[in-house]
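Working notes, structure below.
Because only heavy atoms are used, hydrogens play no part in the values below, and waters and symmetry mates are left out as well, while side chains stay in. Each chain gets a letter, A, B and so on, in the order its sequence line appears, and its residues count up from 1.
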Protein chains: 2
Amino acid sequence: MTIHTSREFRSATPLGTGAGTGFEALLPPSSVQPATLYAAGSEIYAQGEKAGDLYQVEFGAVRVYRLLADGRRQIAAFHLAGEVFGFETGKTHHFFAETIGATGIRVIRQHAGADASRELLPLALESLVRAQEHLLVLGRQNAAERVAAFLMDMAARQGDLEEIELPMSRGDIGDYLGLTIETVSRVFSKLKEKGIVRLPSLRKVKIVKMQTLRDMSE
Amino acid sequence: MTIHTSREFRSATPLGTGAGTGFEALLPPSSVQPATLYAAGSEIYAQGEKAGDLYQVEFGAVRVYRLLADGRRQIAAFHLAGEVFGFETGKTHHFFAETIGATGIRVIRQHAGADASRELLPLALESLVRAQEHLLVLGRQNAAERVAAFLMDMAARQGDLEEIELPMSRGDIGDYLGLTIETVSRVFSKLKEKGIVRLPSLRKVKIVKMQTLRDMSE
DNA sequence: CGTTGACTTGAAGGTATTCAAGCTTTGTGG
DNA sequence: CCACAAAGCTTGAATACCTTCAAGTCAACG
């Protein structure tokens with residue numbers, strides 16, 4: 001189902017709002033396609049599928065994950081409005097990608113030209129640094145530190161606002177942080193109890209003591 | 001201390017042995033420098049330093065890591081002969097890079113040309129996929145599974161030989177797998193006890209039951 | 001042959017998980 | 001718009017796995 005948004009195809013207007021990554025200008029305009037609307041939980045690509053194209057989130061959010069044989073899931077990354085994902089080596093995807101809520105996605109067709117590489121390398125490196133920094137969180141931080149780091153990251157990606165929007169469930173957060181849903185919930189409760197955050201609704205977090213949270217995430 | 005190896009500068013001979021990554025041919029020949037010999041434990045770059053160049057391991061091994069304020073360390077990647085590292089976003093390094101044993105390193109000066117990007121993108125993506133796959137290990141696997149995955153990875157990178165060489169200490173392995181040195185040691189002992197591996201020396205592992213180990217790492 | 005650093009092994013303790021129950025929010029049909 | 005069902009979330013108690021602390025062994029090197 002391809003929809004046409006109010007924004008004109010090839011519009012010079014950057015995608016998204018203040019939450020954008022700032023990389024929009026780097027994209028090769030000639031390969032941008034109209035956005036497609038996906039329902040919540042739609043698969044964009046699956047592990048083993050043929051890879052090649054890249055994707056940009058117009059609105060909504062995407063989770064990229066891997067599964068173990070017994071069903072354990074690790075979310076490697078969340079992608080918010082403006083961000084590009086789908087980078088792969090070789091011919092097939094190593095991961096699954098799914099929308100979280102209702103989400104608009106643009107396909108960026110990869111062409112062999114040198115221009116594309118020059119523009120894509122910074123985006124790939126952005127993902128690389130993000131993944132390597134997340135390794136520190138998963139390898140060496142405890143539950144409270146992980147959640148704090150997650151909240152700081154989400155805040156930074158939403159323009160350092162005090163009130164942040166969580167598009168994903170507690171289960172998704174757990175599978176991103178390498179924790180169970182129960183542990184995530186307990187840490188949220190503890191942060192609230194200590195007055196570090198307020199939880200106006202399940203999917204909203206108001207950060208009251210930003211510096212405390214920053215110190216927690218080290 | 002810059003040394004000249006027996007291999008000629010700009011030689012067509014690929015670096016390393018059968019353990020190479022196969023990416024040597026992709027490197028821009030015009031930017032390859034003579035190799036430099038580093039003593040064990042030498043710093044190649046530090047967090048906060050100006051980034052820009054890339055590095056290729058000629059022989060030996062490198063660890064790329066990050067530290068928390070209290071000294072906890074997470075090794076994001078090991079790099080063996082033939083592999084390229086040093087990819088960064090922005091102007092400064094987010095990580096430390098150190099040689100493990102005595103190691104030869106070539107500097108690959110980055111120039112702005114499109115050619116370089118085209119050649120470097122696959123290398124960056126290789127690192128990205130490796131990092132994202134490691135997230136699954138750190139986030140969702142137990143100690144035995146982590147060590148099994150590590151050994152399978154090292155074996156694959158050394159040409160799927162039965163007897164593999166570990167250039168790094170137990171402490172390094174622990175900091176890579178998000179485990180303590182004691183836990184790593186205990187898992188090694190257990191694997192030996194079960195006849196899955198033999199340990200001819202501290203830095204050598206003979207994989208006896210390859211399939212069992214593969215199944216363990218899922 | 002003694003010293004040093006790296007590794008191994010044991011015992012106790014702590015943090016996150018598992019299992020279980022109850023609560024809250026959201027969506028749907030009457 | 002309300003009632004109910006379903007899904008998602010929270011909280012508690014018991015358990016498991018890994019860490020911490022401690023001691024001892026092994027190997028390399030002078």
Side-chain angles (χ1 to χ4, degrees), chain A residues 39-41 61 63 68 70-75 100-102 137-151 165-194 197-205 216, chain B residues 39-41 61 63 68 70-75 100-102 137-151 165-194 197-205 216:
Chain A
R63 58 181 167 246
L68 287 171
D70 62 2
R72 280 175 288 177
R73 181 179 72 156
Q74 177 64 42
I75 295 180
I100 295 178
V137 174
L138 295 187
R140 288 292 177 226
Q141 296 197 209
N142 63 32
E145 292 168 337
R146 292 183 201 201
V147 172
F150 170 73
L151 291 176
E165 195 75 48
L166 302 181
M168 69 293 286
S169 68
R170 298 287 189 272
D172 284 341
I173 296 172
D175 283 350
Y176 177 65
L177 296 178
L179 301 171
T180 60
I181 183 173
E182 294 95 330
T183 299
V184 172
S185 182
R186 275 185 254 270
V187 174
F188 270 68
S189 299
K190 203 70 156 182
L191 290 175
K192 179 177 150 191
E193 188 186 297
K194 289 185 179 173
V197 303
R198 263 185 286 165
L199 305 172
S201 79
L202 280 175
R203 298 292 176 98
K204 281 200 178 73
V205 179
M216 281 181 68
Chain B
R63 56 181 169 245
L68 287 172
D70 63 0
R72 281 174 287 176
R73 182 180 70 157
Q74 177 62 43
I75 294 179
I100 295 179
V137 175
L138 295 187
R140 288 293 176 224
Q141 298 198 200
N142 64 30
E145 291 168 336
R146 292 183 200 203
V147 172
F150 169 72
L151 292 176
E165 195 75 48
L166 301 181
M168 69 292 287
S169 69
R170 298 288 188 270
D172 284 340
I173 296 172
D175 283 349
Y176 178 65
L177 296 178
L179 301 171
T180 60
I181 183 173
E182 294 95 329
T183 299
V184 172
S185 182
R186 276 184 254 270
V187 174
F188 270 68
S189 297
K190 204 70 156 182
L191 290 174
K192 179 177 151 190
E193 188 186 296
K194 288 184 179 174
V197 304
R198 263 184 286 166
L199 305 171
S201 78
L202 279 177
R203 299 292 176 98
K204 281 201 179 73
V205 179
M216 281 181 67

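- Qualifying side-chain contact (heavy atoms from CB on, under 4.5 Å) partners for B:K204, counting only residues two or more places apart in sequence or in other chains: B:E163, B:E165, B:P200, B:S201.
- In this view, A:R63 and A:E98, A:D172 satisfy the side-chain hydrogen bond (donor to acceptor under 3.5 Å, both in side chains) rule, not counting sequence neighbours.
- Counting non-hydrogen atoms of neighbouring residues, nucleotides and ligands closer than 6.0 angstrom, the CZ atom of B:R203 exceeds 12 such neighbours.
- With sequence neighbours left out, A:R140 forms a side-chain contact (heavy atoms from CB on, under 4.5 Å) with A:L136, B:L68, B:R72, B:Q74, B:D175.
- B:L177 and B:L138 make their closest contact through O-CD2, 3.2 Å (heavy atoms, listed as atom of the first residue, atom of the second, distance).
- A search for ring-ring contact (aromatic ring centres under 6.0 Å, His included) contacts involving A:F150 returns A:Y176, not counting sequence neighbours.
- For A:L202, the side-chain contact (heavy atoms from CB on, under 4.5 Å) partners at least two apart in sequence or on another chain are A:R170.
- How far CZ of A:F188 is from CG of A:L151: 5.0 Å, rounded to the nearest 0.5 Å.
- Mapping A:A144 and A:S201 onto DNA chain C by nearest heavy atom places A:A144 closer to the 5' end of the strand.
- Rounded to 10°, the helix from C:dC1-D:dG30 to C:dG30-D:dC1 has 40° between the axis fitted to its first five pairs and the one fitted to its last five.
- Summarising the geometry of A:L199 relative to A:K192, their closest heavy-atom pair is CD1-CD, 3.7 Å, with the distance given to 0.1 Å.
- The residue B:R203 sits close only to the backbone: its heavy atoms come under 4.0 Å of sugar-phosphate atoms, none of a base.
- Protein chain B contacts DNA chain C from C:dC7 to C:dA11, reading 5' to 3' and using non-hydrogen atoms of the protein with a distance under 4.0 Å.
- Protein chain A contacts DNA chain D over a range whose 5' and 3' limits, counting nucleotides with an atom under 4.0 angstrom from a non-hydrogen atom, are D:dC9 to D:dA13.
- A donor-acceptor pair under 3.5 Å is absent between the side-chain atoms of A:S185 and the main chain of A:I181, judged by distance alone.
- In this view, A:T183 and A:T180 satisfy the side-chain hydrogen bond (donor to acceptor under 3.5 Å, both in side chains) rule, not counting sequence neighbours.
- When all heavy atoms of B:V137 and B:A149 are compared, the closest pair comes out as CG2-CB, 4.2 Å.
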Go through the steps to decide whether A:M216 and A:L191 satisfy the test side-chain contact (heavy atoms from CB on, under 4.5 Å), and finish with yes or no.
CA-CA 11 Å; A:M216 281 181 68; A:L191 290 175; 3.9 Å; yes
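- In the region residues 173-185 of chain A, proximity to DNA chain D at under 4.0 angstrom, judged on heavy atoms, holds for A:E182, A:S185.
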